[in-house]
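Numbering of ligands and ligand atoms starts at 1, following listing order.
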Amino acid sequence: MSGFTILVFGAGGHLGSALTRRAAALGWKAVSASRNHGEVRVDITDRSAVADTVARVRPDAVVNAAYVQSSWKVTADGAAHVALACLGTDTRFVQISSDAVFSGREPSYAEEAEPDPVTPYGAAKAAAETAARLVPRSTVVRTSWIVGYDTESPYRRLVDDALAGRKALFTDDFRCPIHVDDLSEGVLSAVDREVEGTLHLGGPDALSRHELGRRLAVRFGKDPDALPTGLKAEAIPGSPLDVRLDSRRTTDLLGLSPRSL
Ligand SMILES: NC(=O)c1ccc[n+]([C@@H]2O[C@H](COP(=O)([O-])OP(=O)(O)OC[C@H]3O[C@@H](n4cnc5c(N)ncnc54)[C@H](OP(=O)(O)O)[C@@H]3O)[C@@H](O)[C@H]2O)c1
């Protein structure tokens, strides 16, 4: 799709930068927007600045990957501002969401599962989903821990922090982590194929935070046995422990095979 313009909010972040790079590699015009990085500096909590950005860029598609875990204003209100800016335009809108919208009370969650968040972050992501669904032709992509192997990856820092004794890795906290490049491929494939609705894009395996840390430590040439362990149930009582996205329908639909980590 040469001549196709995609505007990525949160392009300074881990997923946003991978999306921008991949879109450019596909020959799309990728416009990066972020608070402190990218071509367009915009604060998504500023409703009119977001509207001005979308009106000026006139993108064919918008992806919102911007968030701050502790901020309702950014994660929920900001997402609503991006959705609102897309409303009444021809643009496709993709809101990146999270398995944090689920409590973990069910053994696994398919795309039709309704959010039952138990944390403020999960509630903010669920609110962002609702805002996104108001936009015709919108897509919500729920994902899980986003892992990369490069030096910028937050999970590289996680392993380093754990090995330095600054963090314990929970053995009772399970998710379906996905490689950032596989997630980016899936998001852009959904844009390309004009797939609407709710999609689940997690990786194929459920891993504990500790097991993920062990695998990454091996990959980074560090000692996996030196990683300190802990229990999330004790450290953060009441927070979701075992949240497994069932992504088979989405991966079949998009013809994806996210790698095992
Ligand atoms: N990380 C995970 O494991 C994980 C798991 C499940 C779902 N998700 C979802 O995946 C998405 C991307 O996550 P990520 O880990 O790639 O995020 P990230 O690396 O933390 O990047 C977040 C981005 O949001 C931008 N941002 C924050 N506040 C902003 C504001 N007020 N206005 C404009 N931009 C703002 C930041 O901009 P600057 O850098 O320019 O300041 C940054 O580029 C999010 O929707 C998140 O909920 C993440």
Side-chain angles (χ1 to χ4, degrees), residues 7-22 31-54 62-83 85 93-102 104 109 115 117 119-129 131-132 139-148 150 152-158 173-184 186-187 198-203 207 209 212-213 216 240 243-245 247 258 261:
L7 171 62
V8 179
F9 287 95
H14 189 213
L15 174 61
S17 55
L19 281 170
T20 312
R21 278 195 303 275
R22 190 172 193 95
V31 180
S32 54
S34 218
R35 194 179 33 186
N36 302 302
H37 298 90
E39 237 170 282
V40 182
R41 304 292 162 99
V42 58
D43 182 341
I44 63 167
T45 65
D46 181 340
R47 182 169 152 181
S48 59
V50 172
D52 287 350
T53 302
V54 173
V62 170
V63 179
N64 180 30
Y67 88 122
V68 169
Q69 191 154 343
S70 56
S71 170
W72 181 278
K73 233 176 142 182
V74 175
T75 305
D77 295 353
H81 296 157
V82 181
F93 175 48
V94 180
Q95 171 63 44
I96 305 298
S97 190
S98 169
D99 54 16
V101 301
F102 297 123
Y109 293 89
T119 62
Y121 168 55
K125 295 303 288 186
E129 289 191 0
T139 313
V140 167
V141 177
R142 294 187 186 129
T143 189
S144 188
W145 295 335
I146 305 170
V147 177
D150 55 48
E152 299 306 310
S153 165
Y155 282 88
R156 192 156 195 138
R157 285 198 298 277
L158 179 85
D173 188 24
F174 290 83
R175 300 290 184 278
C176 297
I178 184 166
H179 193 281
V180 65
D181 291 340
D182 297 336
L183 177 58
S184 302
V187 170
T198 303
L199 304 179
H200 279 189
L201 269 176
L207 300 178
R209 184 77 103 172
L212 175 61
L216 292 175
V243 187
R244 302 178 188 218
L245 288 184
S247 303
L261 298 169

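- Within the set Pro177, Ala79, Ala65, Gly148, the minimum heavy-atom distance to atom 11 (C) of ligand 1 is found for Ala65.
- Between Tyr121 and ligand 1, at least one pair of N/O atoms sits closer than 3.5 Å.
- Side chains of Asp46 and His81 form no contact here, defined as non-hydrogen atoms less than 4.5 Å apart.
- Of all protein heavy atoms, the one lying nearest to atom 16 (O) of ligand 1 is Leu15 N, 2.7 Å.
- Less than 4.0 angstrom separates some heavy atom of Ser97 from each of these atoms of ligand 1: 7 (C).
- Counting atoms of ligand 1 from 1 in the listed order, those under 4.0 Å from a heavy atom of Ser98 are 6 (C), 7 (C).
- For Lys125, every heavy-atom contact with ligand 1 shorter than 4.0 Å involves the side chain, none the backbone.
- Annotation: atom 19 (O) of ligand 1 to nearest protein heavy atom, His14 N, 2.8 Å.
- Here the protein heavy atom with the shortest distance to atom 21 (O) of ligand 1 is Gly13 CA, 3.2 Å.
- For the pair Val54/Phe9, a side-chain contact is recorded, criterion being any heavy-atom separation below 4.5 Å from C-beta on.
- Looking at atom 32 (N) of ligand 1, its nearest protein heavy atom turns out to be Ile44 N, 2.9 Å.
- Among all non-hydrogen protein atoms, the one lying nearest atom 36 (C) of ligand 1 is Ser34 OG, 3.8 Å.
- The shortest side-chain heavy-atom distance between Val180 and His14 falls under the 4.5 Å cut-off.
- For atom 1 (N) of ligand 1, the closest heavy atom belonging to the protein is Tyr67 OH, 3.9 Å.
- The nearest protein atom to atom 39 (O) of ligand 1, hydrogens excluded, is given as His37 ND1, 3.0 Å; this is a heavy-atom distance.
- Put simply, the side chain of Val101 reaches to within 4.5 Å of the side chain of Glu129, judged on heavy atoms.
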Check: Taking it one step at a time, do Tyr67 and Tyr121 satisfy side chain to side chain contact (heavy atoms under 4.5 Å, CB included)?
Finding: CA-CA 10 Å; Tyr67 88 122; Tyr121 168 55; 3.5 Å; yes
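- The distance from atom OG of Ser144 to atom CG of Leu207, rounded to the nearest 0.5 Å, is 9.0 Å.
- With sequence neighbours excluded, no residue forms a side-chain contact (heavy atoms from CB on, under 4.5 Å) with Arg41.
- Ligand 1 lies less than 4.0 angstrom from a heavy atom belonging to Ser144.
- Separation of atoms OG1 (Thr143) and NE2 (His200) is listed at 10.0 Å; rounding is to 0.5 Å.
- The distance from ligand 1 to the heavy atoms of Val42 drops below 4.0 Å at these ligand atoms: 32 (N), 33 (C).
- Contact atoms of ligand 1 toward Val68: 27 (C), 28 (N) (distance under 4.0 Å to a heavy atom of the residue).
- The distance from atom CD1 of Ile96 to atom CG of Asn64, rounded to the nearest 0.5 Å, is 8.0 Å.
- Considering Val74, Val63, Ile146 only, the shortest heavy-atom separation from atom 8 (N) of ligand 1 involves Ile146.
- The ligand atoms of ligand 1 that sit less than 4.0 angstrom from a heavy atom of Ile96 are 9 (C), 10 (O), 11 (C), 45 (O).
- With rounding to the nearest 0.5 angstrom, the CG atom of Leu216 is 9.0 Å from the OH atom of Tyr155.
- Figure legend: Arg244 and Tyr109 shown without cation-pi pairing, the cationic atom not lying both under 6.0 angstrom from the six-membered ring centre and within 45 degrees of its axis.
- Atom 34 (N) of ligand 1 has its closest protein heavy atom at Arg35 N, 3.4 Å.
- Pairs of residues two or more places apart, or lying in two chains, that qualify as side chain to side chain donor-acceptor pair (under 3.5 Å) and include a residue from residues 174-184 are Asp173-Arg175, Asp182-Arg259.
- Under a 4.0 angstrom heavy-atom cut-off, Tyr155 registers as being in contact with ligand 1.
- Counting atoms of ligand 1 from 1 in the listed order, those under 4.0 Å from a heavy atom of Asp43 are 30 (C), 31 (N), 32 (N).
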